[in-house]
Amino acid sequence: MDISKNAVEHQEKPEYYMFSVFDVKNVKWVRNPITTLDELKEWLRELSKNPSKYRGVQITTEDILSNKIKWVDDKSKAEELITLRQLHYGNQYEDSYQFFKGSENLRHYKEAVSNCNVK
């Protein structure tokens, strides 16, 4: 029996978030990409303990950050498509997400294959 693409696509995939907040005490941005809902809840509990220590809380789903927009370089006038993740957080977060996405897809594929009794 062949594993269909649909069988792999129907595996439950968790929603991931980008969490970003400014730490006033340490004067730095704290960014946590690829955060699960449970991890996000932990961050919010931490923030609620000392709200004056933090400001500028940003929570966005990784799916939304994957949306592409047209970017035009001011000097060269060259156009390219970039993600909202690149626009707001930089290429390092895009590179990390693409690496994670590749390994996550492979993990879900392996789980789907192992859950099917293929003979």
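In what follows, residues are counted from 1 in the order of the sequence shown. Remember, predicted model here, so these are calculated numbers, not experimental data. The analysis underlying the following values was restricted to heavy atoms, covering all of them including side chains, and did not include hydrogens, waters or symmetry mates.
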Can you tell me how far the [atom1] atom of [X] sits from the [atom2] atom of [Y], to the nearest 0.5 Å?
X    : Y   : atom1 : atom2 : value
F100 : Y16 : CZ    : OH    : 3.5 Å
Y17  : T60 : OH    : OG1   : 11.0 Å
E62  : T35 : CD    : OG1   : 7.5 Å
M18  : S66 : CE    : OG    : 10.5 Å
I59  : I64 : CD1   : CD1   : 12.0 Å
K101 : Q98 : NZ    : CD    : 5.0 Å

* To do: In sequence, state the C-alpha distance, the side-chain angles, and the governing distance for D63 and E15, and then conclude on side chain to side chain contact (heavy atoms under 4.5 Å, CB included).
  => CA-CA 8 Å; D63 285 343; E15 180 100 56; 3.6 Å; yes

* Would you say Q86's side chain and T83's backbone share a donor-acceptor pair under 3.5 angstrom? ->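 Such a contact is found between Q86 side chain and T83 backbone.
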
* Sub-3.5 Å donor-acceptor pair from the side chain of E94 to the main-chain atoms of R85, do we have one? ->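 Side chain of E94 to backbone of R85, a donor-acceptor pair under 3.5 Å: no, none is there.
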
* Asked: Do the side chains of L37 and L47 join up, straight or via other hydrophobic residues, at under 4.5 Å, putting them in one cluster?
  ->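 Shared cluster, yes.
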
* Kindly indicate, with the supporting measurements, whether the criterion side chain to side chain contact (heavy atoms under 4.5 Å, CB included) is fulfilled by R55 and V24. => CA-CA 7 Å; R55 67 181 167 102; V24 176; 3.9 Å; yes

* Heavy-atom count around K68 NZ within 6.0 Å, excluding the residue itself: above 12? ->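 No, the 6.0 Å shell around NZ holds no more than 12 heavy atoms from other groups.
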
* Asked: Between Y89 and Y93, what is the ring plane arrangement, given parallel below 30°, perpendicular above 60°, and tilted in between?
  ->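 Judged by the thresholds at 30° and 60°, the geometry between Y89 and Y93 is perpendicular.
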
* Asked: With sequence neighbours left out, which residue pairs that include part of residues 24-65 fulfil the ring pair (Phe, Tyr, Trp, His ring centres under 6.0 Å) condition?
  ->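 Those involving residues 24-65 are F19-W43, F22-W29.
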
* Asked: Is there side-chain contact between E80 and D73, with at least one heavy-atom pair below 4.5 Å?
  ->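 Of all side-chain heavy-atom pairs linking D73 with E80, none is under 4.5 Å.
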
